[in-house]
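Everything below concerns the one structure shown next.
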Amino acid sequence: PGGALRELTSDGFYRATYEGLPLDADCSLVETRAGGATSTSIDVDEVTVSAEPVGFTVTNTFDVGGVVVEKTFAGDGTGTFVRGSFEASLACTLPIDGVVTALEIPGGAARELTELNGYRNSWDQIPAGADCTVTETRTGGATRTDATASEFVVVADEDHTVGLENTFLLAAFSVTKDVTGPFASEATDATFVIETSCLWDRDGELVPLLPGDWMDEERLPDEGTQEGATDEGGESEESEPEPERPTSVVSQIRDGTTVMFENLPANAVCSISEVDSGGATAQVVWLDGVMQLGDLTLADGLNDSTLS
């Protein structure tokens, strides 16, 4: 009567009844929607309907596990460019009653990895059996990121460890002046002026780099008078404005000479412009023998360019 199915909800205190069943009928019960439970047990296999109420107790077990993420660093640029916070994100799905469902991660999907936490963090209370992936959402501008065991299935009462390694490689590039054309002899002793600038994409923020010198935009203010400080008389003192930092280098160069720029991240993008071309008809930049139509994207190691 009323059909074989009954819904068990929190509003009904997870309790349901069947009424109007024939006396002495032998009845069994199965759970058809377990809500993603790891396992389901029913206290008895069968009951016989009698004048007194009989019933079943269905127990759903929801096991959970944890995920740990650990970060390491590699490369000759680690000491120069590793700074600030990094971020990893966890995404999981679980089949719930036949439907693959994206899970809401307890405490949020993102975890910060900083020097303060030893570049280590974790997620707890992840349902056992969930199919999960950890990705790094803030790499700090690393040349590359390698993940270990980043795709996995959560096991009950166990912590799964994911490794993230950021490699920071150093790059350098040289600019050699080459004077060509029918009137090149007129300019072999001339001095030309070039301006070089670089940008580093660090998690979507283009950070200006001074070629040959890492620009630390996170440096602390000098000790002494700071904004909001007071002197001995109790009066507020204003700190002097910080001088504007240069974002480009101006160099003099002559035919056959080379200017070198070092200590740059391997994925920096640099531009070379000629401030004083000495009356040249045109200027062409070559990088490792290939003509460049725009800015130069540096590979690790030495990148040789020629300004003709």
Between [X] and [Y], is any pair of side-chain heavy atoms under 4.5 Å apart?
X: Thr191; Y: Ile253; result: no
X: Val58; Y: Leu29; result: yes
X: Thr59; Y: Thr57; result: yes
X: Phe173; Y: Cys198; result: yes
X: Val259; Y: Thr257; result: no
X: Cys270; Y: Phe261; result: no
X: Cys132; Y: Ile126; result: yes
X: Pro127; Y: Val154; result: no

What heavy-atom pair brings [X] and [Y] nearest, and what distance separates the two atoms?
X: Ser85; Y: Thr114; value: CB-CG2, 3.6 Å
X: Gln125; Y: Pro106; value: O-CG, 3.5 Å
X: Ala88; Y: Leu113; value: CB-CD1, 4.2 Å
X: Ala34; Y: Asp97; value: N-OD1, 2.8 Å
X: Leu23; Y: Ser50; value: CD2-C, 3.5 Å
X: Gly55; Y: Val47; value: O-CG1, 3.6 Å

Exercise for the section: Kindly indicate, with the supporting measurements, whether the criterion side-chain contact (heavy atoms from CB on, under 4.5 Å) is fulfilled by Ile194 and Val175. Expected result: CA-CA 9 Å; Ile194 62 172; Val175 181; 4.0 Å; yes
Look at the side-chain heavy atoms of Ile, Leu, Val, Met, Phe, Trp and Tyr, link any pair under 4.5 Å apart, and say whether [X] and [Y] land in one connected group.
X: Val155; Y: Phe152; value: no
X: Phe56; Y: Leu21; value: yes
X: Ile105; Y: Leu94; value: no

Looking at [atom1] of [X] and [atom2] of [Y], how far apart are the two atoms once the value is rounded to the nearest 0.5 Å?
X: Ser174; Y: Leu302; atom1: OG; atom2: CG; answer: 5.0 Å
X: Leu206; Y: Asp203; atom1: CG; atom2: CG; answer: 11.5 Å
X: Glu136; Y: Thr145; atom1: CD; atom2: OG1; answer: 4.5 Å
X: Thr196; Y: Leu209; atom1: OG1; atom2: CG; answer: 13.0 Å
X: Leu164; Y: Arg120; atom1: CG; atom2: CZ; answer: 12.5 Å
X: Asp76; Y: Phe81; atom1: CG; atom2: CZ; answer: 9.5 Å

Can a donor-acceptor pair be found between the side chains of [X] and [Y] at a distance below 3.5 Å?
X: Thr139; Y: Asn166; result: no
X: Thr143; Y: Asn267; result: no
X: Thr40; Y: Glu31; result: yes
X: Thr137; Y: Glu87; result: yes
X: Ser248; Y: Glu195; result: yes

Exercise for the section: Carefully, step by step, assess Val64 and Asp124 under the rule side-chain contact (heavy atoms from CB on, under 4.5 Å). Expected result: CA-CA 8 Å; Val64 294; Asp124 299 319; over 6 Å; no
Handout entry: Pair Arg33 + Glu7, salt bridge at N-O below 4.0 Å
Key =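 Yes, this pair counts.
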Practice task
For the pair Glu112 and Arg138, find out whether any cationic side-chain nitrogen is under 4.0 Å from an anionic carboxylate oxygen.
Solution key: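 Yes, charged N to carboxylate O under 4.0 Å.
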Is it the case that the side chain of [X] and the backbone of [Y] share a donor-acceptor pair, with hydrogens and angles ignored and the cut-off at 3.5 Å?
X: Arg111; Y: Ser122; value: yes
X: Tyr18; Y: Leu5; value: no
X: Trp200; Y: Gly141; value: yes
X: Trp123; Y: Ala109; value: yes
X: His160; Y: Gly65; value: no
X: Asn121; Y: Asn117; value: no
X: Asn303; Y: Gly301; value: yes

Exercise for the section: Mind telling me whether Phe73 and Phe168 have parallel, tilted or perpendicular rings, with 30° and 60° as the class edges? Expected result: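 The arrangement is tilted - the two ring planes meet at 30° to 60°.
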Practice task
Among Val69, Leu90, Val162, find the one that has a side-chain contact (heavy atoms from CB on, under 4.5 Å) with Ser150.
Solution key: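 With Ser150 as partner, side-chain contact (heavy atoms from CB on, under 4.5 Å) holds for just one option, Val162.
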Handout entry: With Thr93, the side-chain contact (heavy atoms from CB on, under 4.5 Å) member among Leu103, Val100, Thr101, Val99
Key =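 Testing Thr93 for a side-chain contact (heavy atoms from CB on, under 4.5 Å) against Leu103, Val100, Thr101, Val99 leaves exactly one candidate, Val100.
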Exercise for the section: Go through the structure and list residues passing side chain to side chain contact (heavy atoms under 4.5 Å, CB included) with Asp11, not counting sequence neighbours. Expected result: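 Testing Asp11 for side chain to side chain contact (heavy atoms under 4.5 Å, CB included), a comparison that skips the adjacent residues, returns Thr9.
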Exercise for the section: Tell me, yes or no, whether the heavy-atom count around Asp26 atom CG, taken from other residues, nucleotides or ligands under 6.0 Å, exceeds 12. Expected result: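 Check passes, neighbour count above 12.
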Exercise for the section: List the steps, then state whether side-chain contact (heavy atoms from CB on, under 4.5 Å) holds for Asp146 with Arg144. Expected result: CA-CA 7 Å; Asp146 297 304; Arg144 69 171 184 267; 3.3 Å; yes
Practice task
Applying side-chain contact (heavy atoms from CB on, under 4.5 Å), run through Gln252 and Phe192 and close with a yes or a no.
Solution key: CA-CA 6 Å; Gln252 292 185 337; Phe192 301 83; over 6 Å; no
Handout entry: Chi angles and distances behind the side-chain hydrogen bond (donor to acceptor under 3.5 Å, both in side chains) call for Ser197, Ser271
Key = CA-CA 6 Å; Ser197 62; Ser271 65; 3.0 Å; yes
